[in-house]
Amino acid sequence: VRTGACRLIFPFASISPRSNLNLEVSPKNAVAAVGESLEISAVPSRKTDEAIILEIIDPETKEVNKVEMYADATASESKYVYNLTSLQNSIDYRVTCEKTVSEKYSIEVMPRPQIKKVVMTLFQPSYISTKPIKLPDNTNETEILLNSKIRIDVEADMPIKSGEICFDNIATQSCQVIENKFSYEFKVATSTSFIVHVSNEIGLTNEKAVVYKITAKPDMPPSIELLKPGCDVEFPTAKRLDIKAVARDDFGVKTMVLYF
């Protein structure tokens, strides 16, 4: 409009023709987690006096909701943005200004995978027990005899692409996933802690990972206390001597043997 008016007022003036307007839209096609926010931005190729409009389209009903994008005061270039907050459903969108209409893009909104169940099974040395001990689901703190083995079984609430266990926020062990489950077994050489990470096919990961703590307890030697007679005595003439002793051990006593 301004260019046309100038040509009417100044018909012989050298006025550059109005260039076409291009819009650089970001992030184009994207994936977002349910409840998260996403910023849509548009950078015009030249200055414009008209509003830059974001058209939000329902993929199913094709209903269009138009909102005006606002200038990003922190950007070093002419940039317009709009924040989509607390996304719940997938949407399509495009940006328009003057006669320019961008391509239509899609934002796929999906839930993040969550850890449904973590089960730890303890395998103690055979001299303690030959039977595995399965802890209650999602037990996040346990004690185990040093040099025992633990199997961690993880189940997510949806099919996952990858699963890993991170020990003490240092060492990470990737695991083979079957649908929504994976397992990992290791020998307990020291006290440690771990968290579980899973991700789905489109790269969304679980949040607020629970910390699971394992305390390695050494097997202390047993102790024996002689209660009766408790001191040096002469052997009775009746040739009968009652002896009473008590043995203690942190993991239990299997046998007691008297040597004389």
Exercise. For residues 172-183, which residue pairs qualify under side-chain hydrogen bond (donor to acceptor under 3.5 Å, both in side chains), counting only residues two or more places apart or in two chains?
Worked result: D153-S183
Measuring from [X]:[atom1] to [Y]:[atom2], what's the distance to the nearest 0.5 Å?
X	Y	atom1	atom2	result
K116	D137	NZ	CG	10.5 Å
L226	I243	CG	CD1	7.0 Å
K244	K228	NZ	NZ	8.0 Å
L54	Y80	CG	OH	14.5 Å
I133	T121	CD1	OG1	10.0 Å
D58	N65	CG	CG	10.5 Å

Might you point out which heavy atoms bring [X] and [Y] nearest each other, and give the distance in Å?
X	Y	answer
L38	P27	CD2-CG, 4.2 Å
P113	I160	CB-CG2, 4.2 Å
C97	A51	SG-O, 3.6 Å
D249	P221	OD1-C, 3.9 Å
S78	P44	O-CD, 3.4 Å

Close side-chain approach of [X] and [Y], heavy atoms under 4.5 Å:
X	Y	answer
P111	M158	yes
Y82	I53	no
I40	I107	yes
Y212	N138	yes
Y93	L84	no
E36	R112	yes
I91	V109	no
T100	N22	no

Step through the shown structure and confirm whether more than 12 heavy atoms of other residues, nucleotides or ligands are within 6.0 Å of [atom1] on [X].
X	atom1	value
Q114	CD	yes
M256	CE	yes
E63	CD	no
K134	NZ	no

Taking only Lys NZ, Arg NE, NH1 and NH2, and the carboxylate oxygens of Asp or Glu, determine whether [X] and [Y] approach each other closer than 4.0 Å.
X	Y	result
E225	R248	yes
D92	R94	no
K213	E141	no

Hydrophobic cluster membership, [X] vs [Y], 4.5 Å side-chain cutoff:
X	Y	result
V95	Y70	yes
I165	V210	yes
Y184	V177	yes
V64	L87	no
I56	V81	yes

For this session: Determine, stepwise, if the pair L21 / E50 fulfils side-chain contact (heavy atoms from CB on, under 4.5 Å).
Result: CA-CA 11 Å; L21 178 68; E50 294 190 20; over 6 Å; no
For this session: Could you tell me which residues satisfy side chain to side chain contact (heavy atoms under 4.5 Å, CB included) with S148, sequence neighbours excluded, listed by chain and number?
Result: Q124, P125, I144, L145
Exercise. Are E68 and I52 close enough, and set up right, to give a side-chain contact (heavy atoms from CB on, under 4.5 Å), and what steps lead you there?
Worked result: CA-CA 6 Å; E68 183 176 344; I52 296 183; over 6 Å; no
Problem set entry | Residue pair V154, I115: steps toward the side-chain contact (heavy atoms from CB on, under 4.5 Å) verdict | CA-CA 7 Å; V154 179; I115 305 300; 4.2 Å; yes
Just distance, no hydrogens or angles: give the donor-acceptor pairs under 3.5 Å from side chains in residues 185-205, sequence neighbours left out.
{"unit_1": "S191", "atom_1": "OG", "unit_2": "A216", "atom_2": "N", "d": "2.9"}
{"unit_1": "T192", "atom_1": "OG1", "unit_2": "D168", "atom_2": "OD1", "d": "3.4"}
{"unit_1": "T192", "atom_1": "OG1", "unit_2": "D168", "atom_2": "OD2", "d": "3.0"}
{"unit_1": "S193", "atom_1": "OG", "unit_2": "D168", "atom_2": "OD1", "d": "3.0"}
{"unit_1": "S199", "atom_1": "OG", "unit_2": "S162", "atom_2": "OG", "d": "2.5"}
{"unit_1": "N200", "atom_1": "OD1", "unit_2": "I202", "atom_2": "N", "d": "3.2"}
{"unit_1": "N200", "atom_1": "OD1", "unit_2": "G203", "atom_2": "N", "d": "3.2"}
{"unit_1": "N200", "atom_1": "OD1", "unit_2": "L204", "atom_2": "N", "d": "2.9"}

For this session: Could you tell me whether the side chain of D72 and the main chain of K79 form a donor-acceptor pair under 3.5 Å?
Result: no
